[in-house]
*Asks:* 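Once you've had a glance at the structure underneath, I'll fire off some questions.
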Amino acid sequence: MKKALVISGGGCKGAYAVGVLNFLKSRPNFFADGRFSFDIYFGTSTGALIVPLASIGDMDQLLKFYLPTSAPNLVVMQDVMGLFGTGHLFNSFNLDSLVDAVFNNTRFNQIIGSGKQIGVAAVCLQTGELRMFNTQPLAANPPHYTTQRIINRNDFVDAVLASAHQPFFFNPVKIRSAPADPPRHYVDGGVREYAAIQVALDAGAEEILAILLSPETPDSANELKSTDLISVLQRTIDIFSDDVNLNDVRVPDIVSRGTDYFLAVREAMVEAGLPDSQINRILNPPNHANPFQGLAASRIHIIRPKLPLGGGPGGLRFDPVEMKSMFDRGEADARSYFSTLDANQGVPPVVLT
């Protein structure tokens with residue numbers, strides 16, 4: 001059974017996801033011999049920073065990356081002239097340098113050598129397409145995105161940075177599709193794909209753990225103290241992300257539950273003694289394509305905060321104290337989820353309505 005880890009975007013709220021992963025170290029079915037036991041790792045934005053390190057079990061680096069962080073060490077706001085001159089609000093040189101240093105040759109070789117499917121999502125500004133940058137081949141003709149194989153460390157670092165660079169706030173990242181092609185500009189994958197749950201299903205995942213950083217109860221924007229341009233824009237991006245998140249979660253969940261139902265109906269027909277030929281005629285009526293043909297039953301575990309995590313609009317307030325609180329909430333929510341799962345003998349609790 002293929003298992004996938006999917007982590008959404010959310011800036012500093014990635015500390016919550018690291019808290020969940022820290023708890024998973026106590027679960028032998030998810031962590032053994034110093035490694036997480038997922039076959040597929042997909043991340044968007046801050047999730048793109050986390051999943052490669054998770055794929056090699058490097059929790060020490062994740063803790064260093066997300067717990068002692070503070071905004072002055074990562075991003076610096078430019079003045080108005082800098083904004084109009086460069087097209088982006090923050091200077092991300094420190095963040096970019098840190099990512100480049102973390103994913104050095106040694107770690108890159110470990111990530112590639114793991115044999116795991118690791119992918120990060122980014123959006124091309126020229127075409128508007130969602131692109132999954134992957135360490136292993138994906139489906140040749142995916143339905144709503146394109147794919148690109150990661151060949152070397154520079155491509156890998158660029159893809160991670162592109163996925164994490166929110167448009168307007170950070171500069172787009174130039175990436176070539178092939179050495180002879182002109183570079184295109186890529187930005188945060190959350191513009192199109194908040195959480196790559198459907199991509200994980202397309203990759204053959206039969207069990208998915210999705211860590212979402214948006215709350216079950218939407219943020220009412222109590223923190224919006226000003227109606228200046230920056231605050232309004234950050235809040236608008238939050239609302240947009242919530243909408244993308246809803247689709248990214250609900251559609252795969254419908255497909256998953258529909259597949260389970262379809263297989264249960266087939267099993268009931270078999271138990272009722274209907275011959276295979278009759279079952280196939282009933283489930284595959286003429287002139288109607290079977291939407292569940294070839295799909296395996298899947299289980300989707302979703303861990304997310306019940307209430308907003310904080311972190312400011314856009315998740316760009318990198319406060320160490322606040323991020324430690326997010327980390328603790330991630331650990332606690334994961335413990336609660338799996339306690340309920342164990343009590344229900346492995347049947348996932350209902351997480352969507």
Side-chain angles (χ1 to χ4, degrees), residues 7-22 43-54 58-79 82-83 86 88-103 120 157 160-171 173 187-190 194 211-215 219 221-226 228 230-238 241-242 304-305 307-331:
I7 301 180
S8 77
C12 64
K13 302 171 192 177
Y16 177 92
V18 176
V20 173
L21 295 178
N22 202 51
T44 301
S45 195
T46 197
L49 301 174
I50 298 172
V51 293
L53 293 171
D58 197 340
M59 282 299 300
D60 288 342
Q61 185 58 54
L62 282 171
L63 293 174
K64 291 177 183 177
F65 205 59
Y66 278 89
L67 291 189
T69 304
S70 61
N73 295 328
L74 286 181
V75 296
V76 178
M77 183 178 291
Q78 303 186 107
D79 57 26
L83 168 62
T86 63
H88 51 90
L89 182 61
F90 292 102
N91 182 328
S92 63
F93 177 80
N94 291 339
L95 172 63
D96 296 354
S97 298
L98 178 60
V99 171
D100 186 60
V102 167
F103 294 114
V120 300
V157 170
V160 170
L161 289 176
S163 185
H165 275 211
Q166 293 185 33
F168 180 81
F169 296 114
F170 303 111
N171 58 298
V173 178
V187 296
D188 191 335
Y194 173 77
I211 305 174
L212 308 183
L213 305 179
S214 63
D219 192 342
N222 291 328
E223 292 186 88
L224 192 63
K225 305 298 185 183
S226 172
D228 62 88
I230 304 305
S231 297
V232 170
L233 182 58
Q234 286 180 315
R235 178 58 186 157
T236 301
I237 289 178
D238 283 345
S241 295
D242 286 343
R304 69 189 308 179
L307 299 173
L309 288 171
L316 296 177
R317 187 173 64 217
F318 294 88
D319 177 76
V321 175
E322 199 170 20
M323 291 172 71
K324 178 59 168 64
S325 175
M326 297 175 193
F327 174 89
D328 292 341
R329 286 177 62 181
E331 271 195 320

*Asks:* Quick one: CG on L67 to CZ on F327, what's the gap to the nearest 0.5 Å?
*Replies:* 5.5 Å
*Asks:* Would you call D328 and K324 a salt bridge, taking side-chain N to carboxylate O under 4.0 Å as the test?
*Replies:* yes
*Asks:* Which heavy atom of P305 sits nearest a heavy atom of R329, and at what distance?
*Replies:* CB-NH2, 3.7 Å
*Asks:* For a quick test of reading the model, state the closest non-hydrogen atom pair linking A54 to L21 and the distance between them.
*Replies:* CB-CD1, 4.0 Å
*Asks:* Got a second to check how far F103's CZ is from L49's CG, nearest 0.5 Å?
*Replies:* 6.5 Å
*Asks:* Write down the atom of H165, the atom of D96, and the distance for their closest heavy-atom approach.
*Replies:* NE2-OD1, 3.0 Å
*Asks:* Please give me the minimum heavy-atom distance between P308 and P215, naming the atom from each residue.
*Replies:* N-CB, 3.5 Å
*Asks:* Which atoms form the tightest heavy-atom contact between C12 and F318, and what is the distance?
*Replies:* CB-CD2, 3.5 Å
*Asks:* With a 4.5 Å limit on heavy-atom distance, are the side chains of L98 and F65 in contact?
*Replies:* yes
*Asks:* Apply side chain to side chain contact (heavy atoms under 4.5 Å, CB included) to S45 and list each qualifying residue two or more places apart in sequence or on a separate chain.
*Replies:* D188
*Asks:* Which atoms form the tightest heavy-atom contact between L53 and Q61, and what is the distance?
*Replies:* CD1-CG, 3.9 Å
*Asks:* Please report the interatomic distance CD1(I50) to OG1(T44), rounded to the nearest 0.5 Å.
*Replies:* 11.0 Å
*Asks:* Working to the nearest 0.5 angstrom, can you tell me the gap between K13 NZ and E322 CD?
*Replies:* 9.5 Å
*Asks:* Side chains of F170 and L316: does their closest heavy-atom pair fall under 4.5 Å?
*Replies:* yes
*Asks:* Please report the interatomic distance CE(M326) to CG(L213), rounded to the nearest 0.5 Å.
*Replies:* 9.5 Å
*Asks:* Please assess Y66 against T46 for the test side chain to side chain contact (heavy atoms under 4.5 Å, CB included), listing each intermediate value before the final yes or no.
*Replies:* CA-CA 10 Å; Y66 278 89; T46 197; 2.6 Å; yes
